[in-house]
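What follows is a single structure, written as structure tokens, with notes after it.
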Amino acid sequence: MSDAIKHECGIAFLRLLKPLEYYKEKYGSSFYGVQKMYLLMEKQHNRGQDGAGLASIKLDVNPGERYISRVRSNDSQPIKDIFSQINERISTELEENPEYLNNVALQKEKIPYIGELFLGHVRYGTFGKNSIESVHPFLRQNNWMHRNLIVAGNFNMTNVKELFQDLVNLGQHPKELADTVTVMEKIGHFLDDEVTGLYQDCKNEGFSKKDASSIIAERLNIPRILERASRNWDGGYAMAGLLGHGDSFVMRDPAGIRPAFYYKDDEIVVVASERPVIQTVFNVPFDAVQELEPGNAIIVKKNGDVSINEIRTPLEKKACSFERIYFSRGSDSEIYKERKELGKLVFPSVLKSINNDTDNTVFSFIPNTAETSFYGMVEAANDFLNQRKIQSILESKDGLSEEKLQEILSVKLRSEKVAIKDAKLRTFITEDSSRDDLVAHVYDVTYGVVKPTDNLVIIDDSIVRGTTLKQSIIKMMDRLNPKKIVVVSSAPQIRFPDCYGIDMAKLEGLVAFKAALELLKERDLYHIVDEVYLKSKAQESFKDADVVNYVNEIYAPFTDEEISAKISQMLKPEDTKAEVEIIYQNVENLHKACPKNLGDWYFTGDYPTAGGNRVVNRAFMNFYEGKNARAY
Ligand SMILES: NC(=O)CC[C@H](N)C(=O)O
């Protein structure tokens with residue numbers, strides 16, 4: 001990926017179902033949980049580097065003993081930072097108290113993080129700043145065990161302002177605007193309600209205050225709490241929570257926009273944002289890890305009962321295709337195949353662009369995430385080459401000599417590693433403006449593999465703003481003096497903002513949008529922009545469900561190819577010697593390649609929740625009015 005869009009999060013949930021002694025016995029350590037959490041989080045570091053946090057709960061502790069621990073960091077290497085803090089804490093305790101060493105009960109009683117329930121999070125912020133206060137998990141503390149709530153999520157709500165207002169209308173006074181606090185307070189409100197109701201029941205049934213506590217824990221209806229809390233959530237989410245006494249949950253949005261996978265056996269229940277993470281950390285096969293269905297929650301009661309509950313009626317499943325194209329790790333067996341397929345399916349357009357001249361073409365990719373689609377493209381290219389060889393053999397079969405056959409078969413595809421990623425850059429949503437300056441230095445090139453008579457085909461997974469292409473990659477490629485540079489995007493043109501967790505909240509940054517505007521100007525159609533504005537403006541007071549995405553009309557007069565051609569022109573740096581062409585996947589092929597992740601709103605404007613149409617409407621008005629603001 002050449003553009004910097006990394007705004008995702010990863011969740012890691014772990015419940016140990018056996019007593020800690022069991023893990024000590026079997027795996028040699030009562031720190032089993034912490035160790036697994038480290039792996040679960042480290043294997044998801046691709047999903048978030050703004051911050052990381054972990055919370056743990058010890059079950060069945062005596063009053064007066066601490067049972068919740070939490071650590072968070074927004075250090076430059078946050079996962080490393082939190083685990084060195086945890087490590088230090090544990091080591092110090094063990095050093096100072098050698099009697100803890102082989103005594104699991106004492107360890108549990110005295111050492112933080114030695115518990116049965118864990119929630120970890122790696123963060124790329126989509127809301128607010130990168131302050132330590134914004135790092136998950138969030139904590140809502142209370143003297144009543146059940147009312148303690150710990151929340152972390154991979155999510156973005158389109159209506160967080162309304163949700164905040166709802167709380168205020170309830171008479172609450174949230175101390176922060178952070179979206180996670182809003183969501184947590186929403187859950188917390190109904191948790192309180194549930195606990196109060198149950199307490200009342202217990203009282204009516206004649207239980208003492210003290211006895212009521214464990215009965216409340218047993219009866220606590222988590223599905224009901226989640227159902228009530230999530231009623232107005234409009235967005236993409238995988239929300240995870242722990243309650244002080246030991247119940248826990250992970251819930252996924254009704255359209256399945258954000259991912260969540262789980263695995264359970266008689267020792268553990270684990271949930272993570274990506275499947276191979278669980279496979280690797282617990283050494284379990286692909287089929288053993290299940291996808292949490294949209295609108296469902298996995299609930300683990302304190303007593304270890306695990307259930308999957310439908311909380312919200314699932315909508316048409318629109319799992320984010322960007323997870324497959326770019327965000328998630330390509331080590332997932334399905335994702336790997338899908339990325340290869342994307343490379344294969346886009347190849348016919350590449351052939352057209354190079355006039356079928358594979359002999360004078362060097363194929364390459366932009367590291368690292370586009371590498372897999374590159375393998376797919378190369379396979380398709382080899383198939384093409386084989387067809388050509390068969391053709392030549394058949395044509396000359398009468399006079400075929402060994403020499404001739406050698407000559408035909410010796411033709412090989414030229415695939416090379418041309419672009420090298422030099423520096424790993426960390427970007428923040430708050431630093432949009434300084435990004436351009438940094439990107440020029442991210443890539444370097446391999447000299448000596450491209451001839452002046454060559455086409456240079458380079459595949460990237462997607463092109464969002466095109467800034468890096470223009471400012472770094474194409475310039476660098478041109479230094480190799482190819483005849484033509486063909487940049488291939490394994491994803492379709494990104495035409496609409498995202499509002500479910502990806503950092504594409506503004507229309508004017510998108511190169512496809514800019515290209516459409518240029519074309520409108522050139523063809524004297526710019527009045528469409530004014531018309532779309534008036535239609536958008538007129539919808540401002542509409543309910544979300546009634547808002548229509550008129551931004552489609554900006555693109556409607558043009559074919560995909562026309563927009564691609566304009567983008568090629570726009571992203572070609574001024575003094576480039578080579579011809580430059582940019583080729584995109586089409587949406588149909590995307591769906592063919594990633595059949596389970598049909599969420600494609602950034603390409604099609606087809607938003608899976610009503611709030612999406614409001615966001616695109618707002619984004620367009622922001623652009624038109626010259627407001628540099630996020631649309632949600
Ligand atoms: N990428 C995410 O899932 C972000 C979670 C949440 N919206 C935050 O900013 O903290």
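Since the model is a prediction, treat every value here as computed from it, not as a measurement. Indexing begins at 1, ligand by ligand and atom by atom, following the structure's order.
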Problem set entry | Minimum non-hydrogen distance to atom 4 (C) of ligand 1, winning option of Ser134, Cys9, Gly51 | Cys9
Exercise. Side chains of Glu274 and Asn46: donor-acceptor distance under 3.5 Å anywhere?
Worked result: yes
For this session: Examine Phe155 against ligand 1 and note whether any of their N/O atoms are separated by less than 3.5 Å.
Result: yes
Seminar exercise, completed: A student comparing Asp179, Asp50, Asn130, Ile11 should find that the heavy atom closest to atom 7 (N) of ligand 1 comes from Asp179
For this session: For the residue pair Tyr67 and Asn148, confirm or rule out a side-chain donor-acceptor distance under 3.5 Å.
Result: yes
For this session: Output all residues satisfying side chain to side chain contact (heavy atoms under 4.5 Å, CB included) with Asp332, sequence neighbours left out; order by chain, then residue number.
Result: Arg275, Pro276, Phe286, Arg324, Glu334, Ile335
Seminar exercise, completed: Arg123 heavy atoms within 4.0 Å reach ligand 1 at atoms 8 (C), 9 (O), 10 (O)
Exercise. Atoms of ligand 1 less than 4.0 Å from Tyr124 heavy atoms?
Worked result: 1 (N), 2 (C), 4 (C)
Problem set entry | Flag, side chain of Asn613 to backbone of Val547, donor-acceptor distance under 3.5 Å | yes
Problem set entry | Ligand-residue contact atoms, ligand 1 with Gly125, heavy atoms, under 4.0 Å | 9 (O)
For this session: Look only at the side chain of His189 and the backbone of Lys186, and say whether a donor-acceptor pair between them is shorter than 3.5 Å.
Result: no
For this session: Have a look at Phe496 and tell me which of Tyr555, Tyr550, Phe620, Phe513 forms a ring-ring contact (aromatic ring centres under 6.0 Å, His included) with it.
Result: Tyr555
Exercise. Looking at His136, which atoms of ligand 1 are within less than 4.0 Å of one of its heavy atoms?
Worked result: 5 (C), 6 (C), 8 (C), 10 (O)
